[in-house]
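No hydrogens, no waters, no symmetry mates; every other heavy atom, side chains included, goes into these values. Per chain, numbering begins at 1; letters A, B, ... match sequence-line order. These numbers were taken from a predicted model, which means no experiment stands behind them.
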Amino acid sequence: MNNSMIIGQYVPGTSLIHRLDPRTKILVIFFFVIIVFFANSVWSYSILTAFAIGTALATRVPLSFIVKGLKPVWFLIVFTFLLHLFVSRQGDILFSVLGFPFYEESLIQGGTLSLRFFLLILFTSLLTLTTSPIEITDAIEYLLHPLKKLRFPVHELALMMSISLRFIPTLMQEAEKISKAQASRGVDFRTGSLKDRVSAVIPLLIPLFVSAFKRAEELAMAMEARGYQGGEGRTKIRALLFRKKDYIVFFLFCLIMAATIGTRV
Amino acid sequence: MRTYDITIGSMFVALMAIGANITAIAPFLSVMGVPLTLQTFVAILSGLILGKKRGAFAMFVYTAVGLIGVPVFAGFSGGLGSFVSPTFGFVLSFMGIAYAAGAVIEKRQAFNRYVKASLAGLAVNYLIGVTWLYAALSLWAGEGAGISYTAAWASMLPFLLKDGALAFVAALTAVRLEGSYLRNTRWRQHQKQASST
């Protein structure tokens, strides 16, 4: 549990997709999400589907992980399709099964909606499957840099994300320890009415919050003692670098975008 | 932002992750088989203790951490796919909760102010969460084929009792923390000096 808290959905690997710069992956996904809404013909959908499935295969992430990532939305995909099939009745009757008519327009509408949905979820899940949260955080800091002009605290956002990643497992253990310590003092968590149990939360949470505040104070002091004074002029331990493969991926993706727009009707 | 604002904000993000999955640590916190989450509770405290801006920003960071794939949302879920979940509105509402609670408490501090601030947070929670739920359901199901807006509200009403109780406990916790530990921190003393000059 604690391990999964740090790495998230990330599946370590050495495929080309894993080794791409995280900024490349985020940008490609960003434009993919937009381009999916441009597709409106059989060809354009085929190109995007082939591209998404090809990329998914290229990650060499075991299929079971990809399916697991899609699990919460399978229901929505199927549900959208069925609903359009049975509820909305538009277009000509295509065929009927046991006296139940299937309408052409509804079939197409339901099909494209759920395909769109599937493509979006599949492709965006590839980011978190092949990129560790820390890498994504670094990329976000870089990509959102222009927002600094609008006084949005980009550096603080990235720093807070990395600090919280580091402290989630620590505080989790802390909470477990406190819960056991209070139980050994005789706090009864297990019985009683809802009101009793909700108020049993207090001896669990107050020490947890105090411990979190203490850690925050110690960390702030340690950071300032080492000369931290905001993001200005700070250098990075993990520098991001666009390489040849990133440029090739950008080029290929531009071709895909052009092909998708070219095959629209 | 001062360094301490950054570190304490990060701690609130971590506390949110724990609050979302508190039943992993404290399995007794299930109400009739439904695991209780303390996300609203921590979000309210974030607003009460950090103030409206910093509190809301901490919740923004929490949302971002969840969206990049760290399982910090309820039921150890996370990832960009959460965005399409019908209950994602509740995640979005945490920013609003912290802002509302912070805005109420920043004006004046007294025990009943803390309770009012918590209830303001709770109101924002339901308003955003239920509206999103309704919008998501009618979007997937098609116009009119889904449930009505009133039905969406009715489906959430059973949870109101427990959330109301937790909001009250949040106010109580905030008062206790302010009165004991926080009062003596360098951070609060700095803030006091800054506001008195």
Side-chain angles (χ1 to χ4, degrees), chain A residues 1 4-5 8-10 69-70 72-73 76 79-80 83-84 87-88 117 121 124-125 127-128 133 136-137 140 153 156-157 159-161 163-165 167-168 170-172 175-176 179 189-190 194-195 197-202 204-206 208-210 212-213 215-217 219-220 223-224 228, chain B residues 1-15 17-18 22 24-26 28-29 31 36 38 41 45 49 57-58 60-62 64-65 68-72 76-82 84-86 140-142 145 161-162 165-166 169 172-173 176-177 180-182 185-187:
Chain A
M1 178 180 77
S4 80
M5 271 300 200
Q9 297 163 327
Y10 177 53
L70 288 173
V73 286
L76 276 176
F79 183 69
T80 312
L83 213 83
H84 276 271
V87 178
S88 75
F117 210 37
I121 301 296
T124 49
S125 72
L127 173 71
T128 49
I136 302 179
T137 306
I140 288 177
E156 284 80 359
L157 168 71
L159 185 62
M160 282 174 72
M161 284 168 79
I163 294 177
S164 56
L165 286 175
F167 277 95
I168 289 167
T170 312
L171 288 187
M172 204 93 182
E176 271 178 289
S179 159
F189 290 124
R190 265 157 244 281
L194 179 63
K195 187 175 154 267
R197 279 193 275 179
V198 166
S199 41
V201 164
I202 294 182
L204 180 66
L205 287 180
I206 292 211
L208 182 65
F209 274 87
V210 168
F213 295 156
R215 279 176 199 280
E217 246 187 323
L219 182 64
M223 281 164 71
E224 278 175 356
Y228 175 79
Chain B
M1 274 207 249
R2 299 168 45 89
T3 317
Y4 189 71
D5 293 330
I6 292 174
T7 56
I8 199 168
S10 315
M11 294 302 156
F12 267 95
V13 177
L15 289 169
I18 295 167
I22 188 76
I25 296 161
F28 57 89
L29 281 175
V31 185
L36 199 69
L38 295 178
F41 178 91
L45 277 173
I49 290 171
F57 190 67
F60 176 74
V61 177
Y62 169 70
V65 168
I68 66 167
V70 189
V72 292
F76 291 111
S77 63
L80 281 168
S82 332
V84 295
S85 150
W140 307 140
L161 187 71
K162 143 220 132 191
L166 275 176
V169 177
L172 207 67
T173 309
R176 286 214 194 161
L177 285 169
S180 58
Y181 182 76
L182 279 172
T185 53
R186 268 196 320 148
W187 180 56

Those residues at least two apart in sequence (or on a different chain) that pass side chain to side chain donor-acceptor pair (under 3.5 Å) with B/Y4 are none

Honestly, the part of A/M223 sitting under 4.5 Å from a heavy atom of chain B is side chain

Q) Is there side-chain contact between A/L157 and B/F60, with heavy atoms separated by less than 4.5 Å? A) yes

Looking only at heavy atoms, the pair that brings B/P71 and B/F76 closest together is CB-O, 3.2 Å

Okay, A/L171 and chain B: the region with an atom under 4.5 Å from a heavy atom over there is both

Okay, A/L219 and chain B: the region with an atom under 4.5 Å from a heavy atom over there is both

Scored by heavy-atom pairs under 4.5 Å with chain B, the best of A/L205, A/L208, A/I121 is A/L205

Determine whether A/F213 and B/T185 make a side-chain contact, defined as any pair of heavy atoms from C-beta on separated by less than 4.5 Å.
no

Under 4.5 Å to a heavy atom of chain B? For A/I206 that would be both

Side chain to side chain donor-acceptor pair (under 3.5 Å) filter on B/S180, not counting sequence neighbours, yields none

Whatever's closer than 4.5 Å to a heavy atom in chain B on A/T124 counts as both

